[in-house]
Amino acid sequence: MKLPESARFSTICIHAGQEPDPSTGAIITPIFQTSTYVQEELGKHKGYEYARTQNPTRFALEQNLAAIEGGQAAYAFASGMAAIDAITTMLKSGDHVIVTDNTYGGTFRLFDKVLTKYGLEFSYVDTSRLELVEQAIRPQTRMLFVETPTNPVLRLTDLASAAAVAKTADIRLVVDNTFASPCLQRPIEFGADLVVHSTTKYLNGHSDSIGGIVVAARQDDADWLKFIQNAAGAILSPFDSWLVLRGTKTLAVRMAQHNLNGQALAEYLEGHPKVRRVLYPGLASHPQHDLAKRQMKGFGGMLSFEVDSFEDARRVCNSVRLMALAESLGGVETLMTHPASMTHASVPPERRAEIGLSDSLVRISAGIEDPQDLIDDLGQALG
Ligand SMILES: *Cc1c(COP(=O)(O)O)cnc(C)c1O
């Protein structure tokens, strides 16, 4: 089986890095649940010595995701946070990083509560305004860490312009692409150096695994990530690697339905008298709808909406029947969250206000159910 050079996205998802098992012909890469490998004689082995360093199931996933994101190489980690942590080991004491102000809460916690202890400095900037990024650059700046669209207010950063700013300043552009998935947005094509994902979300897609991946566009970064993956050891397990591989095979068809359902729910909510405002990049009312059309191949399954008060938000969250009230996103089942009291409770109220995250905001991760069933559920919950 040889993947043609011209292979398109959904074909790459299914076939890249997937060779039939050489010993049996099994079409699916087996779960190599082993800690070590027997060597034929001293100094003679098949390239596999110890499973923190080498595992065929993990390698198959890493090759698959490197191709899906269009990078040189990919390295799989035990969680999205472990993947982000591995990227920060490219920095040293005294270095400065510019970060999207409304970044994932766990990323903020790692940067603010852990890495500042090691002399790293972080500036939180609205990266949708690149003049603010340029103003924040210092001689010690080494990295621009961007999330687009952001959680939960769906603000976008122009990736091509961010890459141009990073290139001029000779700093790395890192993009957390978890929310969009590579099906909708491929940051390396816009000039990003590194792409990181929580595979927990759309890549695995079935709410049954925690994992992370870093995809590198540059060979020197790939070499370091391979080194740190082995040195620090926060590897993805063989079973989780296999689950994510199973997930990426259906990424394109799942995302197509996530797009349809996200759009259907956003349009329904925008026309509902009890809804004040809907945030979804696929709506013409989104302030960055044109950028979304340029940069994304679809608008995804994530949307937020505002009702009149916290009481109303609470009532909606407690009244949904088909949708589940839960953190996380990107699975086949639709989830609802109240960011101010759940995912973003640790963000100080004044910061929440700055980014437009009010107590009356509700977030939906649209799954792939029939959209009419989701609309019916929202209708009864709002009614
Ligand atoms: C979930 C998430 C993470 C963290 O990933 P884990 O797998 O939970 O460690 C990082 N970034 C974004 C955007 C996320 O949604």
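Because the structure is a prediction, the values reported are computed rather than measured. Ligands are counted one by one from 1 in listed order, and the atoms in each one are counted from 1 as well.
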Among protein heavy atoms, which sits nearest to [atom], and what does the distance come to when rounded to 0.1 Å?
atom: atom 15 (O) of ligand 1; answer: Lys201 NZ, 2.7 Å
atom: atom 11 (N) of ligand 1; answer: Asp176 OD2, 2.7 Å
atom: atom 3 (C) of ligand 1; answer: Tyr104 CE2, 3.4 Å

Ligand-residue contact atoms, ligand 1 with [X], heavy atoms, under 4.0 Å:
X: Gly211; result: 7 (O)
X: Thr200; result: 7 (O)
X: Glu147; result: 13 (C)
X: Gly80; result: 5 (O), 6 (P), 7 (O), 9 (O)

- Query: Is it true that a side-chain atom of His206 and a backbone atom of Asp208 form a donor plus acceptor pair closer than 3.5 Å?
  - Reply: no
- Report yes if the side chains of Leu260 and Pro371 come closer than 4.5 Å at any heavy-atom pair, otherwise no.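 Leu260 does not reach Pro371 side chain to side chain.
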- Message: For Phe59 and Tyr48, take the angle between the two ring planes, folded into 0 to 90°, and tell me which bin it lands in: parallel under 30, tilted 30 to 60, perpendicular over 60.
- Response: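 Taking Tyr48 first and then Phe59, their aromatic rings sit tilted (interplane angle of 30° to 60°).
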- Item | Flag for Arg254-Thr250: side-chain donor and acceptor within less than 3.5 Å |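 Arg254 and Thr250 do have a side-chain donor-acceptor pair below 3.5 Å.
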- Item | Near-ring test Phe310/His338, centroid separation under 6.0 angstrom |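 Ring centres of Phe310 and His338 closer than 6.0 Å.
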Under 3.5 Å between any N/O of [X] and any N/O of ligand 1: does that happen in this structure?
X: Met81; result: yes
X: Ile210; result: no
X: Thr107; result: no

- Item | Contact check, Ser328 vs ligand 1, heavy-atom distance below 4.0 Å | no
- Message: Tell me which one of His258, His286, His289 satisfies ring pair (Phe, Tyr, Trp, His ring centres under 6.0 Å) with Phe299.
- Response: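 Answer to the ring pair (Phe, Tyr, Trp, His ring centres under 6.0 Å) test with Phe299 among His258, His286, His289: His289.
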- For Phe9, is the NZ or CZ atom of Arg186 found under 6.0 angstrom from the centre of its six-membered ring and inside 45 degrees of the ring axis?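 Ring-cation test returns no.
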